Every structure is written in C-alpha cells, then in structure tokens.
Amino acid sequence: MATSNQRTGKDFFLKDVLDVAPSLLGSYLVMDTKEGIQRHVISDVEVYRGEEDQASHARRGKTPRTRIMYSQGGLLYVYLIYGMHWMLNIVTGPVEMPQALLIRGLKTIQGPGRLTRQLGINGSFHEEDLTRSHRIWIEANASANGGYVTRPRVGIDYAGEKWRNKPWRFILDDQ
DNA sequence: AGCAAGATCGGT
DNA sequence: CCGATCTTGCTG
C-alpha cells in the first residue's frame, strides 16, 4: 500500500531538545514554493538548552528577542546575525522552557546562513508554526539511517569552558 | 543615546 | 585573517 510522508506533529517538538535533535536528523525540511514542493534532508543541527546554557540567547532570560524560545515546541525562531545571515531555529519543549535547535546543514547545503539564503528563509518565517504552516514543515523519513556523531557547537567561544565543550552538535553519518 | 558583540560567510 | 552590516541588549 502506498504511503505518503506525513507532516511531523506537535508531540514530536514537545520533547526535550536533546531528544528531538537526533530524531530530526534524516527528516525532511519541506517547503512549498512557486516551483513546487521541495524536500531537503536535515543533516546537521545544534542544541541550545535552558537559561543555564551560556551559549544560548536565553542565557540572559526572557527578552523581546528570546520570548519565542519560551514558547511551546513547533515554532520557528528566525533571526538575523552579523546584519546579513538569517539563522533558522526550531523551538522545542514545553512552554517556559527555553530551547531551540539551530539547523546548521542539509545534505545538499552546508552552513546555517547559506541554507536560509538558498531556500529564501527570512524574518517573515519568524514564529511560523511547523505543525500548521502551508509553506514550511517537517516530514519523517522512513528510509533514514539513524547513525550520527556529536561534536562541540560552533562559534560559541564566549560561553565558557563548561558550555563550550558540550557535544551538542549532531551530524548525520555518511556526509 | 551610544556602544560592543554577535549561533556567519566569502574573499585575501 | 579581515571586513561586511545591522540588531540586540547593556550602560549611563
């Protein structure tokens, strides 16, 4: 019997970000564009977890910028860095627990700033709901291989030794 | 109001 | 290694 890929629902995003990260690897980031439906395999993600995490934007608590991270999982957190690169994040976990996953790479496009530019993701996607949006969502990949490696996160030297060294970057095997 | 820093990237 | 480019949040 033919089965089509199904949009990932709310429950998937309500888990702890450290559980969501490996299960997101291999899944499809799906976009509905003028050229039709595009599916990109997610291959590289990074975890930001709690106010204690000195690498996270939430380290200084709830501010206008970080308010989105305190939302229920399933929303997008999209922000501009260095005045030119849009960063694509997925909020995870329950309300009032600031967590997010930075999408660092797809199988076909490496680099968080490069992939948003190529896919046309910008500030208009901020706070978009992945479980309801008609232009962007996540689909499970039945043929995904579960293998991955972990590495320290990139570009967070300011976070101090304890947080700098957390192996919270998750990279799919066979890259 | 002013300022320093930043979850990056592309070119020397 | 360095500059681009602009938002954020802290300081005063």
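Note that this is a predicted model, so its numbers are computed, not measured. Lettering of chains follows the sequences in order, A, B, ..., and the numbering in each one begins at 1. Reckoned from all heavy atoms, side chains included, excluding hydrogens, waters and symmetry mates.
- Closest non-hydrogen pair, Ile156(A) versus Arg164(A), comes out as CD1-CA, 3.9 Å.
- Ile156(A) comes within 4.0 angstrom of the backbone, heavy atoms only, and of no base.
- Residue Arg59(A) is classed as having no contact, given no heavy-atom separation below 4.0 Å to the nucleic acid.
- Taking atom CG of Asp53(A) as the reference point, atom P of dA7(B) lies 11 Å away to the nearest angstrom.
- Neither OP1 nor OP2 of dC9(B) sits under 4.0 Å from any side-chain N or O of Arg117(A).
- Interatomic distance, CG of Leu18(A) versus CG of Asp16(A), reported as 5.0 Å (0.5 Å rounding).
- Screening residues 147-158 of chain A for salt bridge (Lys or Arg N to Asp or Glu O under 4.0 Å), with sequence neighbours left out, gives Asp53(A)-Arg153(A).
- Shown here is Met97(A), whose CE atom has no more than 12 heavy atoms of other residues, nucleotides or ligands within 6.0 Å.
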TODO: For DNA chain C, just give me the dot-bracket, please: Watson-Crick or G-U, both distances below 3.5 Å, ( ) intra-strand, [ ] crossing earlier pairs, | paired with another strand, . unpaired.
DONE: ||||.||||||.
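- Glu127(A) pairs by the salt bridge (charged side-chain N to carboxylate O under 4.0 Å, His left out) definition with Arg67(A), not counting sequence neighbours.
- Partners of Asp19(A) by salt bridge (charged side-chain N to carboxylate O under 4.0 Å, His left out), not counting sequence neighbours: none found.
- Here the C1' atom of nucleotide dG10(B) and the CZ atom of Arg114(A) are 8 Å apart, to the nearest Å.
- Rounding to whole angstrom units, CG of residue Asn89(A) and P of dG6(B) are separated by 17 Å.
- Applying the salt bridge (Lys or Arg N to Asp or Glu O under 4.0 Å) test to every pair with at least one member in residues 83-101 of chain A, sequence neighbours left out, gives these pairs: Lys62(A)-Glu96(A).
- Remark: Arg39(A) pairs with Glu139(A) by the salt bridge (charged side-chain N to carboxylate O under 4.0 Å, His left out) rule, at least two apart or across chains.
- The distance between atom CZ of Phe170(A) and atom C1' of dA7(B), rounded to the nearest whole Å, is 16 Å.
- Between Tyr158(A) and the phosphate of dA7(B), there is a side-chain N or O to OP1/OP2 separation shorter than 4.0 Å.
- If you check residues 13-23 of chain A against DNA chain C, you find no residue with a heavy atom closer than 4.0 Å.
- dA5(B) and dC2(C): their P atoms are spaced 16 Å apart (whole Å).
- Spacing between atom CZ of Arg49(A) and atom P of dA7(B) amounts to 20 Å, rounded to whole angstrom units.
- Remark: C1' of dC9(B) and CG of Leu115(A) are 13 Å apart, rounded to the nearest angstrom.
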Check residues 82-93 of chain A and write down every donor-acceptor pair under 3.5 Å in which the side-chain atom is one partner and the other belongs to a residue at least two apart or another chain.
from: Asn89(A); atom 1: ND2; to: Tyr77(A); atom 2: O; distance (Å): 3.2
from: Thr92(A); atom 1: OG1; to: Gln99(A); atom 2: OE1; distance (Å): 2.9

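- Remark: Arg135(A) engages Glu128(A) in a salt bridge (charged side-chain N to carboxylate O under 4.0 Å, His left out) (not counting sequence neighbours).
- Following rounding to the nearest Å, Gln110(A) (CD) and dT8(B) (P) show an atom-to-atom distance of 14 Å.
- Rounded to whole angstrom, the span from the CD1 atom of Ile68(A) across to the P atom of dA7(B) amounts to 18 Å.
- Not counting sequence neighbours, Asp32(A) has no partner by the side-chain hydrogen bond (donor to acceptor under 3.5 Å, both in side chains) test.
- Applying the side-chain hydrogen bond (donor to acceptor under 3.5 Å, both in side chains) rule to Thr66(A) yields the partners Thr63(A); only residues at least two apart in sequence or on another chain are considered.
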Can you pull every protein N or O that's under 3.5 Å from an N or O on nucleotides 6-12 of chain C?
from: dG9(C); atom 1: OP1; to: Thr63(A); atom 2: OG1; distance (Å): 2.3

